[in-house]
Every structure is written in C-alpha cells, then in structure tokens.
Amino acid sequence: ADGARAAAAQDAAGGRPDIVYIVLDSFRGDMLTPEVTPELWEFSKKARVFKNHYSGGNCTRFGIFSLIYGLYGNYWFPVLGERRPPVMMQALAGLGYDFRLYAGAKLSFPEFDRTCFVDIPHSKVYDEPAAGGKAAKDAELTVKFMEFIKNRDRKKPYFAFIFYDASHGSYEYPPEYERFKPAAYSVNYLTLDSKKVLPIFNKYKNSVYYDSRLAMKIIDALSAGGGLENTAVIVTGDHGEPFFEYGYHGHNQGYCPVEIKVPLVFYWPGLKPETYEAFTSHLDVAPSVLKLLGVKNPSSDYSNGADLFKP
C-alpha cells in the first residue's frame, strides 16, 4: 500500500522524485534529539525514522561506501581497483537523473571519485569551497546547492549528495551556535580522558547542532512552493563518535555502538511517517531506494542489504 502511494505521488508529480542525500560526518545515533538537532527532529516526524540503524563501517570510507553501494565495506578494495560504479548510480543515470555532489572536503580522499561517484563528471562536483574553515565551507556549499535547486532544469529529476564536514574531528561551528557549555576551544588529545571529555563532547554537539541547522536550511528551501511533494530526502551519518563511553575517543578504532550507530531519517513522497525499532543498516538504503523507483531485481542480485520496509 505504501509503495502504491509512493508511485501515485511520483505519477502525480509528473515523474521520478528528486533525491537528496544529506550526510553529517560523525553523526551519532543518539544525537537526533529535540535538544541537539531540534529542527531536524521536527522534520523527522514527517518521515520514516530508523532508531537502531548502523553504518557499514566505523570511518568515512566504509560508511559512505556501504550507503551508496549497499555492500559490505571490504568490497571497497576490489571496487576501487576496478573503478566499478554503484548499481544505484547506474540505475539513476539510466532513468535520466542529473547529478550534483557537494562536500566540505574533497571527494578524492577517501577515493569516492573513483568508487561511489566514479562516473560523475567533475563539472557536477562542488567539493572545494573557497571559504576558510570547515564551518564556513559547509555554509558555502549549502548556498551553492540552494542556488542549484532555484535555477536547475526542471525537465529532469536530480540526485544530490551533500556531505557536511564541520562535525568531523575538530568539531567546528560559528560562535552563535554554541548551545552546549562548557565547550573546549583547544584540546590536548594526549591527556584527554573521561574526566576531561565533557567540554570536547559539548563542542562536538555544538558542531552537530550547526550542521543540522544547515541541513534544515536545505530542507526548508526544498519545501518552499511544495517542493517536497516530489523530493525524497535521506538524512544520516557516515559513522558515530565515542567520547570515552567505551574507554576511548574518536572513530576508526573499534565497533562500540556509539561509533557505528547513526540516525536514518528517510522521507519519501507518498510514504506515511513511521518509526522502526528493528536493526537496519546502510547496506539496506540503496536497495530500498531502488525498489521505490521500480527496480524488480531481488536485492541479493547487487547488494548485501535488504528492503528497509519489510518486517
């Protein structure tokens, strides 16, 4: 029934939905809350929310790879060697989608330009914002994407991938976004421990709050004039970030829940809001998108994942 509603919404809108992926770097699963990401939390009430969702890895490389390919992270190496594009991106190209990629850090490291987006012309990529600092770069790419949706060719659908970087590593944000205090401005990581971690954890939460506000600027721009009636929006993270809950700080080190569990907010025109408690993962996202677009192949033909919406 939900699939029929989604198809009806697409037909009523005159074609395939536009698709927007918004990824916040290091976006922990427990950060989608009214306190940390209030506007995104409100938007999630219009979407499908997966509360026990996991990345396909504990770092950016494998998290994004699993999200776009629907494959386990250890496929990265042969895929990179063969420059093999994802089935999802090939299918979207076959359906006539335009592509736009926006990132606060270059998509050449990790080598997404030779894996996830290997077939996307560089003219469609905006991954070298001129602004100084991660927070300013994220703001700049937000403006650039909003310019695109305002001036784009409306005769064909588009797929956009937006990757925010301010919440990664140095946890940056403009001063007016300091919601959680005390927040550290400089950190000696050699002496950091569980007793000293609160200011750096608050700094991280402020950066997530900031990037979530940028994400909502995009969603609000898409909503203007009824744009969400034919636009799918998927918001998630590439991995999480521990703060000594399990004895260490930072990602790419282990597989504790706060390092690999991420939010997944899945808005698709025609799908009613719902909350899922079952275990899901990034492996499931690409096959679910393709099923909603009408692909008939079983997910096992091209993915290690399964349909998010089946019991």
Side-chain angles (χ1 to χ4, degrees), residues 21-60 62-64 66-67 163-173 177-184 187 192-216 219 233-267 273-285 308:
Y21 277 57
I22 304 176
V23 180
L24 279 62
D25 205 310
S26 309
F27 192 14
R28 281 170 51 143
D30 59 355
M31 292 294 110
L32 182 65
T33 68
E35 294 75 31
V36 182
T37 55
E39 294 172 316
L40 186 57
W41 171 268
E42 284 299 317
F43 172 72
S44 73
K45 295 177 183 178
K46 303 175 183 178
R48 300 204 163 185
V49 178
F50 296 82
K51 302 190 75 172
N52 283 295
H53 187 79
Y54 290 81
S55 173
N58 63 358
C59 61
T60 296
F62 302 125
I64 298 299
S66 60
L67 179 67
F163 192 17
Y164 287 128
D165 191 45
S167 52
H168 175 257
S170 53
Y171 316 135
E172 298 180 19
Y173 54 90
Y177 287 88
E178 188 162 289
R179 187 179 181 92
F180 301 95
K181 302 177 182 181
V187 180
L192 188 65
D193 58 26
S194 59
K195 296 179 181 179
K196 301 176 183 178
V197 78
L198 179 60
I200 190 68
F201 189 29
N202 284 340
K203 189 182 184 187
Y204 161 76
K205 289 196 287 186
N206 288 330
S207 69
V208 171
Y209 170 61
Y210 169 65
D211 271 343
S212 76
R213 291 288 300 274
L214 293 181
M216 281 309 304
I219 294 170
V233 180
I234 296 168
V235 185
T236 189
D238 53 346
H239 53 78
E241 190 86 339
F243 289 87
F244 287 99
E245 297 92 342
Y246 292 84
Y248 62 94
H249 162 255
H251 58 277
N252 202 15
Q253 298 191 60
Y255 296 93
C256 65
V258 292
E259 189 169 355
I260 57 173
K261 191 174 181 179
V262 295
L264 178 63
V265 177
F266 194 110
Y267 174 86
E274 194 168 337
T275 298
Y276 292 81
E277 300 284 351
F279 289 110
T280 57
S281 86
H282 274 3
L283 304 175
D284 306 323
V285 177
L308 283 166

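Hydrogens, waters and symmetry mates are skipped; everything else that's a heavy atom, side chains included, is used.
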| said: Contact between F266 and L308 at the side-chain level, heavy atoms closer than 4.5 Å - yes or no? | reply: yes
| task | Output yes when a side-chain donor or acceptor of T37 lies under 3.5 Å from a complementary backbone atom of V208, and no otherwise. | result | no
| request: To the nearest 0.5 angstrom, please state how far the CG atom of D238 sits from the SG atom of C59. | output: 8.5 Å
| field | Output field: ring centroids Y267/F43 closer than 6.0 Å | value | yes
| query | What closest approach, in Å, do Y173 and A183 show between heavy atoms, and which atom pair accounts for it? | reply | OH-CB, 3.5 Å
| message | Tell me the closest heavy-atom pair linking R179 and P38, and the distance in Å. | response | NH2-CG, 4.0 Å
| message | Looking at H282 and G237, would you say the former's side chain and the latter's main chain have a donor-acceptor pair under 3.5 Å? | response | yes
| said: Angle between ring planes, Y204 versus F243, binned at 30° and 60°: parallel, tilted or perpendicular? | reply: tilted
| remark: Note: G240 and R28 closest approach over all heavy atoms is CA-CG, 3.9 Å
| task | Mind listing the closest non-hydrogen atom pair of V265 and A47 along with its distance? | result | CG1-CB, 3.7 Å
| remark: Interatomic distance, OH@Y164 vs CG@L214, rounded to 0.5 Å, equals 4.5 Å
| OG on S44 to CZ on F50, rounded to 0.5 Å | 12.0 Å
| query | Counting N and O atoms only, with roles assigned by atom type, does the side chain of N202 sit under 3.5 Å from a partner on the main chain of P182, one being a donor and the other an acceptor? | reply | yes
| query | Y246 and Q253: side-chain donor and acceptor closer than 3.5 Å? | reply | no
| task | Could you check if a side-chain atom of K203 sits within less than 4.5 angstrom of a side-chain atom of E178, using non-hydrogen atoms only? | result | no
| request: Please assess N52 against K261 for the test side chain to side chain donor-acceptor pair (under 3.5 Å), listing each intermediate value before the final yes or no. | output: CA-CA 7 Å; N52 283 295; K261 191 174 181 179; 2.9 Å; yes
| said: On a heavy-atom basis, which atom in Y209 and which in V36 lie closest, and how many Å separate them? | reply: CD1-O, 3.2 Å
| When F244 is tested against each of I200, V197, L198 for side chain to side chain contact (heavy atoms under 4.5 Å, CB included), which residue passes? | V197
| message | Please tell me whether Y210 and Y177 form a close aromatic pair, meaning their ring centres lie under 6.0 Å apart. | response | yes
| request: Starting at CZ of F27, measure out to CG of L40 and round the result to the nearest 0.5 Å. | output: 5.5 Å
| Roughly how far, to the nearest 0.5 Å, is the OG atom of S167 from the CG atom of N206? | 12.0 Å
| query | Does D193 come within less than 4.0 Å of K195, counting only side-chain N to carboxylate O? | reply | no
| message | Can you tell me how the ring of H249 sits relative to the ring of Y171, calling it parallel under 30°, perpendicular over 60° and tilted otherwise? | response | perpendicular
| message | When you measure from the centre of the six-membered ring of F201, is the NZ or CZ of K205 closer than 6.0 Å and no more than 45° off the axis? | response | yes
| remark: Nearest heavy-atom contact between S66 and L283 is CB-CD2, 3.9 Å
| Donor-acceptor pair, side chain of E277 and main chain of K51, under 3.5 angstrom | no
| Just wondering, do S26 and H239 contact through their side chains at under 4.5 Å, heavy atoms? | yes
| task | To the nearest 0.5 Å, tell me how far T236 OG1 sits from L24 CG. | result | 9.0 Å
| task | Report the C-alpha separation of H251 and E241 in whole Å, then their side-chain angles, then the decisive distance to 0.1 Å, and conclude whether the side chain to side chain donor-acceptor pair (under 3.5 Å) test is met. | result | CA-CA 5 Å; H251 58 277; E241 190 86 339; 2.6 Å; yes
| Can you find a pair of side-chain heavy atoms, one from I22 and one from I219, that are under 4.5 Å apart? | yes
| request: Measure the shortest side-chain to side-chain distance between Y248 and C256 over non-hydrogen atoms and say whether it is less than 4.5 angstrom. | output: yes
| Full working for side chain to side chain contact (heavy atoms under 4.5 Å, CB included) between V233 and K46 | CA-CA 11 Å; V233 180; K46 303 175 183 178; over 6 Å; no
